[in-house]
Amino acid sequence: MNAVLFASDLPYWLQSIFRVLGGLVAVLLPAGTVVYLFLFKMLSFMQSRLGPMEAGPYGSFQLFAEVGKWLQKEDIVPANAQPEARIFKMAPLIVLASTFLLVVVVPFGPDALFTDFETGIFYALAVSSISVLGILIAGWASANKYSLLGGLRAAGQLVAYELPMVLAVIGVVIQAGTMNLQQIVVAQNTGSMFGWDGIGNPYVLTQFVAFIIFMISVQAELSQTPFDMPIAESELVSGYMTEYSGFRFLIFFIGEFATAGVFAMIASILFLGGWGVPFAWFGWTTIDSVDNWMNFAGPLILFAKMMALVFFIMWIRFSSPRLREDQLQRFAWKVLIPISLVNIMVTAVLKVAF
Amino acid sequence: MTMLGDRQQLAYIASQAADARVNVELETEGMTLNIGPQHPATHGTLRIIARLDGEQVVWAEPSAGYMHRGYEKLTEVRTFPQVTALVNRIDWLGSFANEVPFILAAEKLMGVEAPDRAQHIRTILFELSRIANVSLFLGDLGVQLGAITPVFFAFRDREYVLNLIEGATGGRFHPNFDRIGGLKDDLPAGFIDETRVVMKKLRTFCDQIEDLLFGNEIFQSRTRGIGVIPKDVALSYGLSGANLRASGVDWDLRRDQDIPMAWNKTDFKVITHPDGDSFARCWVRLQEVRESTKIVDQLLDTIPAGPVMAKVPKIIKVPEGEAWVSTENPLGEMGYYVVSQGDQGPFRVKIRSASFNNISIVPWLLKGVYVPDIITILASLYFILGDIDR
Amino acid sequence: MRETELARILEALGANVVDSLLKPNDDMWIRVTAESWRATAETLKTLGFTYFGYVSAIDWLPSPFGKSEDDASGPSGDRDSTIKQGYTGGDTRFQVIARLVQPFTTIGINIKVDVDDAVMAVDSWSSVFAGANWHERETHEMFGIGFNGHPDLRNMYLPTDFEGHPMRKDFPLLARIVKPWPGIVDVEPLPGDDEEEGEAS
């Protein structure tokens with residue numbers, strides 16, 4: 001965390017350790033909560049069954065049991081993948097690495113952030129594309145036709161849905177006037193709508209279209225149904241993850257849910273006001289006048305908003321059938337991109353007008 | 001229920017005209033993919049060998065036989081009651097329905113007709129097994145397409161029907177309840193009221209599935225216009241059951257045939273659909289479950305009193321002759337050609353199973369479709385491996 | 001209805017029909033000559049029998065291994081091996097049988113044809129009825145009957161290098177050779193039901 005939080009003369013190595021630990025917590029805690037709450041319990045509720053109940057009260061330790069199970073499995077590298085075994089083994093790590101890179105720019109409080117990029121959101125969008133590489137590598141290096149199909153589908157899909165995501169974010173950037181995520185949070189919480197600053201100026205209201213497009217693109221970036229052609233369990237068994245077992249599969253699994261959490265965090269920062277509540281409630285005016293206790297409440301507020309968004313992502317995931325590959329692409333190129341372009345134009349016009 | 005647009009029909013014709021394509025500009029080769037025999041999508045051990053060009057199928061062929069149990073050879077060394085037990089296991093999801101045509105053929109050869117009460121109860125159990133079979137299809141349809149939730153509702157509601165069948169016959173999946181001349185036992189007490197309650201629940205389930213799955217736009221875009229089978233092709237391949245009715249052929253053996261079962265005492269609609277695509281096949285099956293519940297309700301109101309077993313000798317020797325009986329099973333038309341030469345067991349039994357013909361159309365149907373559509377088409381054709389492989 | 005239908009069919013097929021049988025309230029059978037097998041299919045299709053039921057075969061040789069499973073003896077020479085065909089007679093050991101149905105009247109017809117032992121082949125129906133393709137493959141692998149004009153006559157269920165034709169009566173049910181039927185073993189009489197069970201050993 002930022003040195004201001006603790007003491008100004010914390011040695012650099014101690015700060016770095018805190019940063020690393022904070023990063024791990026910031027990525028793994030949402031992943032774990034999302035997996036338990038939504039994947040185990042909410043899915044069971046929707047399917048009219050109980051879900052895990054044995055491991056711990058109401059199955060709350062099921063997550064640790066799962067992690068333990070995956071860790072003790074045999075590490076199988078398929079024989080045909082032997083020539084590229086190193087790349088095969090690296091692929092899950094690349095996917096997870098992009099999540100960690102992504103969480104670096106997320107602000108958790110007025111001073112609780114890892115780093116203060118001026119081009120925060122630009123960096124975030126660029127770095128999220130690294131996971132595409134990991135998926136492609138996994139599909140190709142598995143030496144398995146199903147994985148290959150899954151990997152190629154993923155390549156097409158993930159690249160296609162990057163564009164609507166970027167275009168949707170541009171609307172927010174135009175309205176906020178900055179790419180710095182901390183400034184975007186501040187702008188939302190200090191802003192006012194037609195002079196009334198009761199709830200600040202959350203961009204979800206003015207950028208409603210961009211919000212929808214962003215959430216749809218996030219659904220596609222995470223390969224969740226209805227966009228889960230790369231995984232497509234009833235056709236490709238597990239798509240690009242088919243040949244992975246044990247620890248590597250665990251990395252893919254964690255990566256999937258951690259990325260869901262991190263994207264939801266970014267979405268809540270861009271649209272819902274991030275870690276903050278409207279400053280007018282407490283009479284703050286700028287970022288420096290925010291009290292210090294916000295550094296502890298901020299992450300919790302962000303966490304709550306993130307859970308709300310992930311709830312919607314998972315809800316749609318558990319209920320819809322999946323779109324076919326060409327239907328996905330058609331949707332992205334012919335529907336989402338034109339709408340987001342229109343959104344940008346409208347935002348720009350209104351920004352100048354008001 | 002809408003007709004296919006002109007564009008979709010054009011796309012269908014174009015895809016059928018493309019026999020084999022290699023991407024000439026890039027000179028890429030096709031890829032041969034084995035779908036199965038172990039695969040989440042196929043209902044059992046069916047292997048489909050597909051030659052792909054990118055994501056499009058150039059040529060596909062099912063390779064059946066991983067579950068071939070040699071039924072027709074086995075029936076030659078079994079007595080008639082033993083064959084009844086054997087035959088349960090052909091279509092294992094709606095097993096009572098497999099016994100009935102065989103028993104009817106044996107009774108035809110013997111000149112024996114089961115008493116009215118037995119015919120009635122047979123029909124009730126037949127329709128219950130149809131409901132059990134097709135409700136699983138409805139749930140499984142979602143899973144094939146990616147919707148993982150409806151299948152749990154299907155299994156939950158199917159349990160009620162299986163409990164009924166177990167209460168009456170003693171077996172959830174393999175009742176083995178039919179005997180030459182009638183049934184093994186009478187219905188248990190409380191069966192009629194219990195069944196009425198369950199039929200109401202199943203109607204609710206059908207409404208739920210229609211809402212959840214059939215109303216979903218993604219489901220519609222995945223199934224409409226996919227795998228269109230024209231009428232004459234369907235007849236020429238011998239498709240039967242819902243597959244045939246979804247191509248617009250108004251043919252239901254329950255209504256059109258005159259066999260000693262109680263269907264001609266009930267009033268039900270035969271549902272067809274003009275399109276012949278995957279959506280039509282799924283939709284027709286959904287409506288058939290609804291009609292089945294109505295048939296069961298009508299039958300429950302009118303069960304006659306009387307014995308459940310006709311007077312047949314203890315050791316049954318079926319006189320010489322040949323007989324063919326087929327019924328409208330959940331999967332299609334299932335028929336038995338029984339040749340008897342006066343012994344305790346049959347001389348030759350030819351089992352005409354519905355799924356064998358239903359799947360024989362797959363090589364013709366899968367040319368030019370995308371890989372995800374293979375799954376949709378197979379799911380909508382609905383086969384059971386035991387039925388294909390016997 | 002069926003009588004008129006049968007009369008129409010017999011008139012259309014003419015001399016090709018060797019024998020016919022109409023059981024009242026039951027079914028109809030005809031037996032045609034081997035040369036006219038495919039012509040029969042085409043004629044029936046034009047007469048309205050467009051629904052393809054099945055194609056299979058019957059081996060009329062009584063099984064040399066005994067009929068019931070209590071009889072664990074192997075092929076013995078003193079078993080009666082007179083071939084006795086069924087409805088509409090026949091002259092050969094093998095007969096191919098098929099069924100076609102008229103869709104809207106559900107009048108079905110069973111068609112038999114003799115397969116000469118020396119030739120062991122009939123014409124294929126796959127050009128007339130597309131569904132016959134798979135049925136003929138199965139009949140070929142199970143009985144060894146060839147089908148002239150079939151595009152791709154390979155095994156349906158069995159591996160390609162399987163020797164023998166399982167459905168022939170002289171092909172033993174391998175399970176019985178591997179392990180003979182143990183007879184009825186240890187059947188306990190149901191409580192209070194002993195006389196009903198009979199002589200269960």
Side-chain angles (χ1 to χ4, degrees), chain A residues 38-39 42-51 139-140 143-157 216 219-220 223-239 242 314-331 334-335, chain B residues 11 30-36 38-43 48 50-52 54-56 139-157 159 205 208 211-226 282 369-376 378-379:
Chain A
F38 294 134
L39 186 64
M42 182 172 101
L43 180 61
S44 319
F45 183 71
M46 287 172 70
Q47 290 174 345
S48 90
R49 59 187 174 96
L50 283 177
W140 188 264
N144 175 348
K145 285 177 187 160
Y146 286 111
S147 309
L148 184 63
L149 268 179
L152 293 176
R153 284 176 177 176
Q157 172 183 316
I216 295 178
Q219 190 95 4
S223 291
Q224 309 279 14
T225 336
F227 303 108
D228 77 339
M229 265 289 135
I231 304 179
E233 236 173 273
S234 55
E235 301 156 34
L236 304 181
V237 191
S238 274
T242 315
M314 292 288 147
W315 186 11
I316 298 183
R317 175 199 174 153
F318 297 143
S319 3
S320 3
R322 67 176 69 96
L323 284 174
R324 208 174 56 204
E325 184 69 14
D326 59 322
Q327 292 166 340
L328 284 182
Q329 301 279 8
R330 199 172 299 142
F331 184 60
K334 289 196 185 171
V335 174
Chain B
M31 175 172 90
T32 308
L33 185 68
N34 258 328
I35 305 181
Q38 286 144 334
H39 192 92
T42 59
H43 290 247
I48 298 187
R51 200 168 295 147
L52 304 175
E55 280 250 345
Q56 253 194 340
D140 191 57
L141 191 57
V143 170
Q144 306 288 2
L145 290 177
I148 47 182
T149 317
V151 66
F152 287 91
F153 304 150
F155 272 98
R156 179 195 64 192
D157 289 317
E159 282 300 312
F205 163 70
Q208 280 179 345
D211 259 340
L212 272 183
L213 208 50
F214 285 74
N216 190 317
E217 291 82 13
I218 299 180
F219 177 84
Q220 301 230 347
S221 68
R222 282 295 299 274
T223 51
R224 280 205 194 267
I226 307 287
C282 304
V369 301
Y370 293 117
V371 169
D373 290 334
I374 302 181
I375 309 296
T376 313
L378 287 178

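Proteins come first, then strands; the chains are lettered A, B, ... in the order of their sequence lines, and each starts at number 1. Just so it is clear, the model here is predicted, and its values are computed rather than measured.
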Intermediate values then yes/no, side chain to side chain contact (heavy atoms under 4.5 Å, CB included), B:Arg222 and A:Gln327: CA-CA 9 Å; B:Arg222 282 295 299 274; A:Gln327 292 166 340; 3.7 Å; yes
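- Using a 4.5 Å cut-off on side-chain heavy atoms (C-beta onward), A:Arg330 and B:Ser221 make no contact.
- Here the OG-CZ distance, from A:Ser48 to B:Phe155, works out to 12.5 Å after rounding to the nearest 0.5 Å.
- Using a distance-only test at 3.5 Å, with no hydrogens or angles considered, a donor-acceptor pair links the side chain of A:Gln47 to the main chain of B:Ile148.
- Closest approach of A:Arg322 to B:Gln144, counting heavy atoms only: NH1-O, 3.7 Å.
- Proximity to chain B is limited to the side chain of A:Leu43, based on heavy atoms less than 4.5 angstrom apart.
- Applying the side-chain contact (heavy atoms from CB on, under 4.5 Å) criterion to B:Ile226, with sequence neighbours excluded, gives A:Arg324, B:Ser278, B:Asp373, B:Ile377.
- Taking every heavy atom of both residues into account, A:Pro321 and B:Ile218 meet most closely at O-CG2, 3.6 Å.
- Only the side chain of B:Tyr370 comes within less than 4.5 Å of a heavy atom of chain A; its backbone N, CA, C and O stay farther away.
- For B:Glu217, there are no salt bridge (Lys or Arg N to Asp or Glu O under 4.0 Å) partners two or more places apart in sequence or in a different chain.
- For B:Ala147 against A:Ser319, the heavy-atom pair with the smallest separation is CB-O, 4.0 Å.
- For a residue to count as touching a neighbouring chain, one of its non-hydrogen atoms must lie under 4.5 Å from one of that chain's; by this rule A:Ser320 touches chain B with backbone and side chain alike.
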